Student: 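The following block contains the structure, expressed as structure tokens.
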Amino acid sequence: MTTSPSDPSAAPGTSGPDAVVDLAVVGAGPAGLAAAVTAATLGLAVALLDAGTRPGGQYYRHPDPVLGAARPEALHHDWPAFAGRAAELRAHARAGRVRYLPGHQVWSVTGSGTDWTVHARADEAAARPVRARAVLLATGAYERQLPFPGWTLPGVVGAGGAQAMLKSGLVLPGRRVVVAGSGPLLLAVAASLAAAGARVPAVVEAAGYAPYARHTGTLLRNPGKLVEGVVHGGALLRHRVRPLLRHAVVAAHGTGRIEAVTVARLDRDWRPVPGTGRRVPCDALAVGHGLVPELSLATALGCATRTAADGTVALVLTPGLRTSVPGVWAAGETGGVGGAQLALIEGEIAAHTVAGRAVPAGLVRGRERLRAFADVMGAAHRPGPGWTDWLREETAVCRCEEVSAGCVREAVTELGATDARTVKLLTRAGMGWCQGRMCGPAVAALAGDGPAPDRRPLACPVPLRQLAELPSDTPS
């Protein structure tokens with residue numbers, strides 16, 4: 001920042017709904033939580049806005065209070081890292097150093113330089129805008145789904161969705177659950193489901209783990225990740241869960257609900273190998289191919305992006321976590337998917353640079369080490385181009401608008417579409433409720449288009465009355 005928090009004129013505090021804060025943090029997951037409490041400790045006045053009703057984000061989901069969970073920490077990895085920061089947040093909020101705004105879904109950020117306004121909605125009503133001298137985006141990520149025949153059947157859920165059901169609802173998606181897709185999350189999900197009493201007949205990993213062996217130096221610098229893998233692997237062994245590497249679920253079957261899946265071996269480009277399909281009975285399928293950074297607010301501001309090692313679009317960030325837009329920082333999955341531990345470190349780093357303080361060397365080394373591992377992980381599990389071969393013409397690609405793979409292919413081959421945006425205009429793929437979050441990667445792949453940022457003025461649906469109440473001089 002251009003002003004020092006030690007300057008009385010630069011630190012008005014967080015008292016009063018119209019007070020200008022030094023830093024507005026969007027998202028109270030690991031990155032945002034760490035950033036908020038660190039910035040407050042360093043003397044900044046902070047506002048923390050989050051769509052959830054409690055801090056922790058998707059990673060540290062809490063069981064609903066009405067369920068009376070005696071040990072919610074039993075469902076989480078590294079709970080003390082969250083619990084300590086949550087306690088700090090409460091202390092800073094009581095002292096007036098942090099204005100914590102749960103249940104506030106941010107739909108736009110406007111301004112420039114050291115004059116920003118964060119617009120949010122709360123409980124279907126307008127929320128008072130937050131004015132800040134700097135903004136930190138810690139908006140996390142959402143699951144990447146690659147469609148296949150039958151993926152719209154009841155009982156087919158995201159891998160992360162299955163974990164969320166267990167963490168927040170203490171329920172299983174089924175009694176016999178196949179876990180499939182790609183990425184280390186599958187191991188954690190399968191281990192959690194099995195420990196909770198589900199029968200997991202197989203973990204179906206499309207990529208495999210052989211590529212990790214080419215980066216032994218990075219692995220040795222991250223012993224904690226190796227330990228995590230061993231722990232999850234041991235849990236699967238105890239529960240007799242079978243791993244199927246270089247395989248994918250290429251179809252789901254059932255009448256009214258999923259009853260079985262077809263699993264096939266894949267070649268190096270992720271094309272199903274003919275004659276290798278086998279049927280696996282199940283009553284639920286948890287499937288996901290990693291995560292996609294949530295960049296709606298960032299791209300609306302014009303922040304520069306890059307293609308990450310896993311093929312997703314991530315923000316271009318400096319070592320101090322600044323974006324290409326002055327006055328805007330980002331931390332966690334927005335800069336590339338890397339997990340909760342990395343997000344916590346990046347939140348702390350960003351808070352130091354916003355406050356104009358030197359970043360502790362230990363944080364710098366920790367980020368470099370974990371980012372290197374994230375790049376190895378992303379490259380190892382990046383979807384191959386041949387996965388579209390398991391799509392049939394009638395397979396739904398865009399679930400919201402019911403657009404099939406055949407319609408998308410027709411837009412490309414018959415109507416001349418050369419990118420995902422043109423396909424969207426010709427077929428409505430991506431125009432539904434999720435705004436392309438579910439179908440975006442699939443539509444881009446079928447269009448022969450690479451990943452690209454999706455710029456839109458609103459990050460979520462907003463009532464017209466709230467837009468009408470904006471001052472006439474608010475930038476669009």
Side-chain angles (χ1 to χ4, degrees), residues 14 21-42 44-62 76 78-79 81-93 97-109 116 118-120 122 127 130 132-142 291 293-298 301 303 314-315 317 320-323 327-355 359 363 367 370 459-460:
T14 60
V21 297
D22 294 312
L23 176 65
V25 180
V26 182
L33 179 59
V37 299
T38 303
T41 300
L42 294 174
L44 300 187
V46 180
L48 175 60
L49 302 93
D50 187 58
T53 57
R54 288 187 288 179
Q58 300 298 322
Y59 188 80
Y60 291 111
R61 276 179 173 264
H62 307 273
H76 294 274
D78 197 17
W79 179 263
F82 162 74
R85 289 175 173 85
E88 289 183 71
L89 174 63
R90 291 191 293 270
H92 285 306
R97 291 184 290 269
V98 175
R99 189 194 312 166
Y100 175 44
L101 300 172
H104 281 59
Q105 188 170 16
V106 176
W107 55 268
S108 181
V109 178
W116 296 96
V118 180
H119 305 274
V130 173
R133 292 184 173 84
V135 174
L136 190 149
L137 303 176
T139 46
Y142 52 91
L291 302 174
E294 170 52 75
L295 304 182
S296 300
L297 294 172
L301 288 170
C303 297
L315 295 180
L317 300 174
L321 285 307
R322 293 178 174 87
T323 71
V328 179
W329 279 255
E333 313 292 44
T334 52
V337 174
Q341 186 181 3
L342 175 59
L344 290 168
I345 290 176
E346 289 197 339
E348 293 188 30
I349 291 175
H352 277 84
T353 58
V354 171
V359 179
L363 292 178
R367 179 178 185 251
L370 289 167
C460 66

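Numbering starts at 1 and runs along the sequence shown. Note that the structure is predicted; figures quoted are calculated from it, not measured.
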Student: Show the nearest heavy-atom pair for residues Ala36 and Val98, with the distance to one decimal.
Tutor: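 It is O-CG2, 4.2 Å.
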Student: Looking at Leu42 and Ala351, what are the two nearest heavy atoms and their distance?
Tutor: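 Minimum heavy-atom separation between Leu42 and Ala351: CD1-O, 3.9 Å.
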Student: Strictly by modelled atom types, are Trp329 and Thr353 linked by a side-chain donor-acceptor pair under 3.5 Å?
Tutor: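 Checked: Trp329/Thr353 side chains pair up, N/O donor to acceptor below 3.5 Å.
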Student: Give the minimum heavy-atom separation between Val130 and Ala47, together with the two atoms involved.
Tutor: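 Scanning both residues, the minimum pair turns out to be CG1-CB, 3.8 Å.
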Student: Can you tell me how far CG of Leu101 sits from CG of Leu49, rounded to the nearest 0.5 angstrom?
Tutor: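 That separation rounds to 4.5 Å.
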Student: Run the side chain to side chain contact (heavy atoms under 4.5 Å, CB included) test against Gln105 and tell me which residues pass, sequence neighbours left out.
Tutor: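 Per chain and number, Gln105 pairs via side chain to side chain contact (heavy atoms under 4.5 Å, CB included) with Ala51, Arg121, Cys460.
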Student: Kindly write out the residues that satisfy salt bridge (Lys or Arg N to Asp or Glu O under 4.0 Å) with Glu88, not counting sequence neighbours, or none if the list is empty.
Tutor: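 Result, salt bridge (Lys or Arg N to Asp or Glu O under 4.0 Å) vs Glu88: none returned.
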Student: If you take all heavy atoms of Pro55 and Leu33, which pair is closest and at what distance?
Tutor: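 It is CB-CD1, 4.5 Å.
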Student: Side-chain contact, heavy-atom cut-off 4.5 Å: Leu297 with Val26?
Tutor: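 Leu297 vs Val26: side chains touch.
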Student: Mind checking the CD1-CG spacing from Ile345 to Leu370? Nearest 0.5 Å is all I need.
Tutor: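 Rounded to the nearest 0.5 Å, the CD1-CG separation comes out at 5.0 Å.
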Student: Apply ring pair (Phe, Tyr, Trp, His ring centres under 6.0 Å) to Tyr60 and list each qualifying residue two or more places apart in sequence or on a separate chain.
Tutor: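 Residues passing ring pair (Phe, Tyr, Trp, His ring centres under 6.0 Å) with Tyr60: His76, Phe82.
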Student: Do Asp50 and Pro102 have side chains that approach each other closer than 4.5 Å (heavy atoms only, starting at C-beta)?
Tutor: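 A side-chain contact under 4.5 Å is absent here.
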Student: Return the minimal non-hydrogen interatomic distance between Leu23 and Ala39, and the atom names on each side.
Tutor: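 Heavy-atom minimum between the residues: CD2-CB, 3.9 Å.
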Student: For Ala343, check side chain to side chain contact (heavy atoms under 4.5 Å, CB included) against everything at least two apart and list the hits.
Tutor: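 With sequence neighbours excluded, Ala343 shows a side chain to side chain contact (heavy atoms under 4.5 Å, CB included) to Pro30, Ala31, given in chain and number order.
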Student: Side chain of Thr334, backbone of Ala331: donor and acceptor closer than 3.5 Å?
Tutor: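 Yes.
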Student: A side-chain contact here means heavy atoms from C-beta on lying under 4.5 Å apart; do Leu301 and Trp116 qualify?
Tutor: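 SC-SC contact between Leu301 and Trp116 confirmed.
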Student: Is there side-chain contact between Val37 and His92, with at least one heavy-atom pair below 4.5 Å?
Tutor: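 Result yes, sub-4.5 Å side-chain heavy-atom pair found.
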Student: Restricting to side chain to side chain contact (heavy atoms under 4.5 Å, CB included), what partner residues turn up for Ser108, sequence neighbours left out?
Tutor: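 Thr110, His119.
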Student: Within the structure provided, determine whether Leu317 and Arg322 are in side-chain contact (heavy-atom separation under 4.5 Å).
Tutor: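 Heavy-atom side-chain distance check fails, nothing below 4.5 Å.
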Student: Would you please name every residue forming a side-chain hydrogen bond (donor to acceptor under 3.5 Å, both in side chains) with His352, sequence neighbours left out?
Tutor: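 Result, side-chain hydrogen bond (donor to acceptor under 3.5 Å, both in side chains) vs His352: none returned.
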Student: Give me the atom names and distance for the closest heavy-atom approach of Leu136 to Ala350.
Tutor: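 Nearest pair, atom of Leu136 first, then Ala350: CD1-CB, 3.2 Å.
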Student: Side chains of Asp22 and Val46: does their closest heavy-atom pair fall under 4.5 Å?
Tutor: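 Result no, sub-4.5 Å side-chain heavy-atom pair not found.
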Student: Test: salt bridge (Lys or Arg N to Asp or Glu O under 4.0 Å). Region: residues 331-343. Which pairs qualify, not counting sequence neighbours?
Tutor: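 Qualifying pairs, neighbours excluded: none.
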Student: Going by salt bridge (Lys or Arg N to Asp or Glu O under 4.0 Å), name the pairs with one or both residues in residues 341-352, residues two or more places apart or in two chains.
Tutor: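 Listed by first then second residue: Arg85-Glu348, Glu346-Arg367, Glu346-Arg371.
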Student: Assess whether side-chain contact (heavy atoms from CB on, under 4.5 Å) is satisfied between Leu295 and Leu315, documenting all intermediate values.
Tutor: CA-CA 8 Å; Leu295 304 182; Leu315 295 180; 3.8 Å; yes
Student: For Glu294, give me all partners under side-chain hydrogen bond (donor to acceptor under 3.5 Å, both in side chains), at least two apart in sequence or on another chain.
Tutor: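 Ser296, Arg437.
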Student: Restricting to pairs with a member in residues 28-39, which pass salt bridge (Lys or Arg N to Asp or Glu O under 4.0 Å), not counting sequence neighbours?
Tutor: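 For residues 28-39, and leaving out neighbouring residues, there are no salt bridge (Lys or Arg N to Asp or Glu O under 4.0 Å) pairs at all.
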